[in-house]
Amino acid sequence: MGTLVKFELKKLLGNKAGMAACALMLAMLAAVAILNLATMDSIDLKTGTYVSGPKAQETHRAMQESHAGTLDDERIAVDVASFDRANRLLQEKPDLYDLSGQEIIKRYGLRFWQETRGVVEQGYYMEIIGTLDSANPRATSLRDGFQARFEGALENGFWGYHHYTDSEKTYWRDLANKISWPVQYGYDGGWHYVLSWRGGLGLAIVALCIALSGIFAGEYQSHTGAVVLPTRCGKRELPIAKALAALAFTSAYWCVLIVFIVAFHVLIYGADGWDLPVQVAIGFDNPYPLTIGQAILASYALGYLVALGMASLTMFLSARMRSAMPVAATAMAVIFLGIVTLFSTPLAKLALLTPFSGLSYAFDAMVSYVVGPVVIGLPTMLAMLYVAMLVVFVPLAMSLFRRHQA
């Protein structure tokens, strides 16, 4: 059996189209990471000038680190005072809204710019004050602001269309109540980008499906099935070897992908921020009581289950079809159809069960499904669905291959 599995792995690695797709995926990851760094721009608070590329990254890091610490009520009061003072100064000179940063500096000086536009245009203040202003009157603690923002989202429903039942509201409230307050803030750098790539894992699964498309159909196309299937090993051991090889390749590919994504972004942006709350990376309306590191581990583990499920579906299609091309096309259609239908609001919750859309919103949006008396969150629903696909489609694929008429 071991020899057969190795032989099938060699055949998989010999699939030039599949290997090219996997290599292209890794190249795209590298290109996007480099492009993000090259096109990044930021305002240097020390000079008031726009900087780009690596210099912008250094500026962004310094800006986040300047706000590092515990966001308790005392700290929030100081930040609110700074923000309100900046707005008062701006209101005293209404023409400032029509001036660029450099024009303000030229007319009123660098310090004035730092105390006004240098404050109100910072992402940190926009997120914190925006969260506090979700309450009416404005909240004095970040927790109260989060609660108001969270309750508003519950009342509006998912995308304003899919309204939550009472049991769903209870589910999300119980989850949000597990967040520890006050939260820590700081620079999350590379881990922020690693987490933001969870949606891109769906594209990586496209490459995986192309690589596996010929696992069974290739035998039909090359007519080797007529030779191997009539033999005892061909009926009994070969289907198992093919399934094991496909799952082994999926696991190895996923490990390489994760190492590549993590290493690339952490080397460029740094490894700080792993233990910060996920709200720092995603926003203070996120109800998940996780750190950034925990969210990354959960997202990529979920992605692995989705990859296994899609690999199983691809094997099933490959065993059923006589050509690898429609197998790859069908698997790709499942993934890309989920992207297209996501923009049709009535179908959004269905579209979120597909790889790209589901992984993009897992551990982010408040998406839940009611099954009888049970409420199931999107990550759990995805895990259950794709594990079920793994359990069902692998045996079916092997059975179809065994019964194929050579």
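Every value quoted in this text rests on a predicted model; they were computed, and no experiment measured them.
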**OP:** For residues Met315 and Leu247, determine if any side-chain heavy atom of one lies less than 4.5 Å from a side-chain heavy atom of the other.
**Re:**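 Counting from C-beta outward, Met315 and Leu247 do come under 4.5 Å.
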Subject >> Any Thr354 side-chain heavy atom under 4.5 Å of Leu337 side chain >> reply: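 A side-chain contact under 4.5 Å is absent here.
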Subject >> Polar side chain donor-acceptor pair, Tyr369 to Thr380, under 3.5 angstrom >> reply: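 No.
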Do side-chain atoms of [X] reach the backbone of [Y] as a donor and acceptor pair under 3.5 angstrom?
X	Y	result
Ser357	Leu353	no
Glu168	Thr165	yes
Asn15	Ala211	yes
Ser318	Ser213	yes
His265	Ile261	yes
Ser82	Val78	yes
Tyr300	Val194	yes

Search all heavy atoms of [X] against all heavy atoms of [Y] and return the closest pair with its distance.
X	Y	answer
Pro287	Asp364	CD-O, 4.0 Å
Gly48	Leu110	N-CD1, 4.0 Å
Trp172	Tyr288	CH2-OH, 3.5 Å
Ile292	Ala281	CD1-CB, 3.8 Å
Ala311	Thr250	CB-OG1, 3.5 Å
Ile104	Phe112	CG2-CD2, 4.0 Å

Original post:
In terms of the angle between their ring planes, are Trp274 and Trp191 parallel, tilted or perpendicular, with boundaries placed at 30° and 60°?
Top reply: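 If you compare the ring of Trp274 with that of Trp191, the planes turn out perpendicular.
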**OP:** Can you label the angle between the Tyr124 ring and the His67 ring as parallel, tilted or perpendicular, going by 30° and 60°?
**Re:**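 Because their plane-to-plane angle is under 30°, the rings of Tyr124 and His67 count as parallel.
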Subject >> From CA spacing to verdict: side-chain contact (heavy atoms from CB on, under 4.5 Å), Leu208, Thr314 >> reply: CA-CA 9 Å; Leu208 173 67; Thr314 303; over 6 Å; no
Subject >> Asp166 CG: over 12 foreign heavy atoms closer than 6.0 Å >> reply: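 Open: at most 12 neighbouring heavy atoms sit under 6.0 Å from CG of Asp166.
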**OP:** Could you point out which residue of Ile335, Leu203, Leu201, Val206 forms a side chain to side chain contact (heavy atoms under 4.5 Å, CB included) with Pro355?
**Re:**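 Of Ile335, Leu203, Leu201, Val206, side chain to side chain contact (heavy atoms under 4.5 Å, CB included) with Pro355 is met by Ile335 alone.
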**OP:** Apply the test side-chain contact (heavy atoms from CB on, under 4.5 Å) to residues Leu342 and Trp159: give CA-CA distance (whole Å), side-chain angles for both, the deciding distance (0.1 Å), then the verdict.
**Re:** CA-CA 11 Å; Leu342 185 62; Trp159 286 0; 3.7 Å; yes
Original post:
Which is it for Asp84 and Arg138 under the side-chain contact (heavy atoms from CB on, under 4.5 Å) test, yes or no, and what are the steps along the way?
Top reply: CA-CA 12 Å; Asp84 288 345; Arg138 175 192 281 173; 3.0 Å; yes
**OP:** Walk me through it: do Arg75 and Thr70 pass the test side-chain contact (heavy atoms from CB on, under 4.5 Å)?
**Re:** CA-CA 7 Å; Arg75 164 68 184 280; Thr70 303; over 6 Å; no
**OP:** Run the salt-bridge test on Glu127 and Arg149 with the 4.0 Å N-O cut-off and return the result as yes or no.
**Re:**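 A salt bridge links Glu127 with Arg149.
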